[in-house]
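First comes the structure, then the notes that go with it.
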Amino acid sequence: MKAQFLSAAAVLALVAFGAQAAPAQPSHKITWDNRSLMIDGKRVAIWSGEFHPFRLPSPDLWRDALQKMKATGYNAVSVYFPWDFYSFAQGKYDFTGVRDIDRLFTIAEEEGMYVIARPGPYANAELTRGGFPGWLVNQKAKARTDDPAYLAAADEWLSQIDPIIARHQATKGGSVIAYQIENELLETTPSHSRYMQHLADKVRDDGITIPLFSNDIGRNGYWVPKSSKVEKTVPGPTDLYAWDSYPGGPCMADGTPGGLHAAPDFGWYSQGGAKGGSSASPNTPGFTSEFGGGWFDFWGSDGLYTCLANRIGSGYERVFYGTNIANGLIIHNVYMAVGGTSWGWLPGPIVFTSYDYGAGIDESLGLRDKAQTMKMIGGFIAATGESLAGMQKSDPVASSNPTIKLYHNANPDDGSHLIVAMHNPSSAVTKDKFSFSLKTRDGAYRIPAEGEIAVNGQDAKMLLADFGFLGQHLVYATSQLQTALKTADGDVALFYAPESEMGEMVLRYASAPKVTVLAGQAQSQFDAKTGDLRLNYTHSGIIRLRIEGGGRAPLTLLIATTEIGKTFWHDGTVLVRGGALLRKAKADGGVLSLEGDNTASETLEVWASKPFSKLTWNGDALTLTKTASGSVETSSLSAPEPVKLPDIWAGTWRFQAGSPEAARDFDDSAWRKADSKGGTSTVKPPLGQPTLTADEYGFYNGDVWYRGRYEGTDAARHVDLTYGAGGAGMMQIWLDGKFLGQHELPTGADRPQTYGTVRFDLPEWARKQGSHVISVMVRNNSHNWDLQADDAHKEGRGLISVALAADTGPRAAVPIAWKIKGLAAPVADTMRGPLNNGGLDGEIKGFHLPGDIDTSWKVAKPDSVPAAPGTYWLRSHFDLDLPNGDVALGLVFGDGKTLRSAQKYRVLIFVNGWNMGQYIAHVGPQRTFVLPQGVLNAHGANTIALAVTSDGDPKNKIEPVHLTVLRNARGGVGPISFSTPSK
Ligand code: IPT
């Protein structure tokens, strides 16, 4: 029933549940049953979060992201590898710099994180073409089928990426534990089945020996392992069955939260019958390969990320992820754990630049409150380890109050019990109290013996019974376990519950132990008959107890409020209260070196598994005072130094016009003729017209220009255009150098229009005989993704059709001879890659790059530059000298608050040559653009170049821009290399 995989991983088996180093071992196995994965026979819960390195063009910060994930409770990271990010052209791939995924895997290994690899070939992920490379759009073969041409292309990609994954898989000493083939393939015809089989065969041929799975688009029972043999499911070439779900409830377009949803039972407690969940694949562990950790936001919304971060926030995490844990979904990936930036032309047509996602770790890599909650849930998972991963559904346990439902699981191997308590339905937010009766090996109990347990608001509780930890034995507790640590001075355990709730905890001893209340208030009583020591207390601050004797190692119990629990950091070797982040702890010869971040001058309280007499924080020695709790209190940490930012708006700006292609006599002799009759676009020109779409000519990303010549005729009174431009895309048109106008695709819905039709009237003189030139610029806001597997990514971009028309009657069959210009693939900029630029004149000339290209440009006040329709460029240079640490900056347009401006214009933002996004003033909602260090030179010169596009009306001038500090913490991941060459 289960496959076995040999591996040579050394560190892997332990990274999840503690950082004790182990000797390297020659080989490891990944196995599984219907409860969990096992690594070397040891059960593990895979508590994973999604992170997109391609959405963070600063590889040194990948380590920052992974350290923050680990510190907030994750033991695994799931990563898409979008094909187009790595493919410059057919047959041409690059894995250097921001595409150096070998480095990503190495960082994951060094940081002790398991990896789930998702190389597609299809990704989705709100990316242009769902991650398909531009050149694939020109393939006639239907994508994601077994058409040989498509399979050959997919194989080309897998041949590139698989060897990198293969050498980092757990079975070869790396940390990659699972491999996803395809993504959400909802077509299940024989052709699609053969395609899936082909992928699996290819991946195995490439030396991948870790378990394979796919990501079912919901719990449909698609692509379940063939051995499952469950009726109505679709078998696939998989080892594990996995699916995604986003059940959290929406935020409305106006930024207010929609109604609360109840958490669905997707596993052991599902009423779903044959299909789905564990029942669809009875021999494999519950596995959700994407479970909502936020959602994306769209052009023209009212700005949803703050709402999403709260709606899919701490309460949601406890209720929904708690329900998942109760349901046995023990391979669990939160999408997204870390927000990102869809820089350049990465974003799919719906989304704007920020892919913050309302994630726990925001786009700038700051920790939201919900990340602190994840730290507590992850701490629970780490502390319960094999017990939790070995649980099964157990007998129903009745709640004394029907407004509360209880899930009851138990581990048949070690006898431990898990009760997950929440409202019934779980969408309720009332305050309810309950008790329950439970029989364990320790006896039969009414829990709690005194009073009741509360669930207040959107919350859930994961409670343990008959649970052994360290050398202690927990009979039960109504407070939740956050972490436990063995120290030289005895054991330490941290429990929590919301402020002012009653708590009860029973521990088992051979004889009466001595109980000392060190801080706060708690009552204890010992029952000599059972050996039960019962503690009763009300959660307030931190209650500290020291329990000695009774046949066990001394135990320091810390019982905190939930809010105070969030201030603790733990990594299996230390427990630290205070600080903004704990990155690393190293104990060596009595010196404990801590690395982490702090945003203020504060003290730390520290417990450690190894004795120490000296303690450093980021290398600074601190003085220590012993406490009665077996910890030390440190002297104050140094506060971060203030960040001094230049006022870039007040700096020197230089100006250059940027739409020379509009001029009647512009020399387009080097442009390609657009006269193809073929093409793969799903939208076609009328019969007789040439194919104008940009892909047909090898221009896949960004802006594209057309020039068409025709002979004047009285019938040419209007020009009708159909163009494809993605969400919030636009076009501008000139006749003989005169601006006729522009058109923008409507926005404000999360399924925007991606192509449109528009008519412009032609001036009187255009009807005159003689040659006329139409110039058109199309701002291509990317290709559709292919979620439905219907080749939607092939919908054409650029011009689709153009016809001259008379006032009435049929369109004039006036031939137009077209030429086209974009940025041809493969791009010359191999550092920034194929998605950084389009075909603006300034992009081709390098106006966006750092260096001194602008020395001959006119100095201008940026908001008073000569107004002309089209695009103009503004450039400025500024120096930075940021304090070392975790310092994140953003670029803000206007006041940073107004959702949409009265001014109508859009800007491509280039920082040191990197296209860090698109600002559309009147569409919104994004006004602050995250600029990571690495793209920014934190200690030296920086160049900003703005390509501003408008109709030239002076009232549509650019708003002031300024830099802003998004976060300033002392500490950080270390120096971030700035490797942009000066040109
Ligand atoms: C699912 C995709 O697998 C993922 O790539 C991403 O698009 C995500 O959702 C949404 O952010 S799509 C599914 C919700 C239909």
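Keep in mind that what you see is a predicted model, and the values were worked out from it rather than measured. As a basis for the values below, the full set of heavy atoms in this structure was taken, side chains included, without hydrogen atoms, waters or symmetry mates. Counting convention: from 1, in listed order, for ligands and their atoms alike.
- Shown in contact with Asn183 at under 4.0 Å from a heavy atom are these atoms of ligand 1, numbered in order with element: 2 (C), 3 (O), 5 (O).
- Under a 4.0 Å criterion applied to the non-hydrogen atoms of Tyr80, ligand 1 contributes the atoms 2 (C), 3 (O), 4 (C), 5 (O).
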(request) Take Phe287 and Phe213 through the ring-ring contact (aromatic ring centres under 6.0 Å, His included) test and state the conclusion after the steps. (result) CA-CA 10 Å; Phe287 183 177; Phe213 69 99; 4.6 Å; yes

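- When each atom of ligand 1 is checked for a heavy atom of Tyr355 under 4.0 Å away, the hits are 11 (O).
- Note on ligand 1: Trp785 sits outside its first shell, no heavy atom being nearer than 4.0 Å.
- Within ligand 1, counting atoms from 1 as listed, the ones closer than 4.0 Å to a heavy atom of Ala123 are 5 (O).
- Judged by the 6.0 Å and 45° rule, Arg832 forms a cation-pi pair with Trp914.
- Ion pairing between Asp791 and Lys794 holds under the 4.0 Å rule for side-chain N and carboxylate O.
- If you number the atoms of ligand 1 from 1 as listed, the ones under 4.0 Å from a heavy atom of Tyr357 come out as 10 (C), 11 (O).
- Taking the centre and axis of the six-membered ring of Tyr122, the NZ or CZ atom of Arg144 falls inside the cone set by 45° and 6.0 Å.
- Between Asp786 and Arg129 no salt bridge is recorded (no basic side-chain N to carboxylate O distance below 4.0 Å).
- Considering only non-hydrogen protein atoms, atom 7 (O) of ligand 1 sits nearest to Glu126 OE2, 2.5 Å.
- Residue Trp295 has no N or O atom closer than 3.5 Å to an N or O atom of ligand 1.
- Contacts between Tyr122 and ligand 1 below 4.0 angstrom, taking non-hydrogen atoms only, are absent altogether.
- At the shortest separation from atom 12 (S) of ligand 1 among protein heavy atoms lies Glu184 OE1, 2.9 Å.
- At the shortest separation from atom 8 (C) of ligand 1 among protein heavy atoms lies Tyr246 OH, 3.4 Å.
- Atoms of ligand 1 lying under 4.0 Å from at least one heavy atom of Asn215, given by number and element, are 3 (O).
- Of the polar atoms of Ala125, at least one N or O is found under 3.5 Å from an N or O of ligand 1, judged by distance alone.
- Proximity to Asp244 (heavy-atom distance under 4.0 Å) selects the following atoms of ligand 1: 1 (C), 3 (O).
- Between Ser354 and Asp356, the side chains place no donor N or O within less than 3.5 Å of an acceptor N or O (distance only, hydrogens not considered).
- A donor-acceptor contact closer than 3.5 angstrom links the side chains of Glu795 and Thr754.
- The ring pair (Phe, Tyr, Trp, His ring centres under 6.0 Å) test with Trp135 singles out one residue from Trp157, Tyr700, Trp83, and that residue is Trp83.
- Using a 4.0 Å cut-off between charged side-chain N and carboxylate O, Glu50 and Arg118 make a salt bridge.
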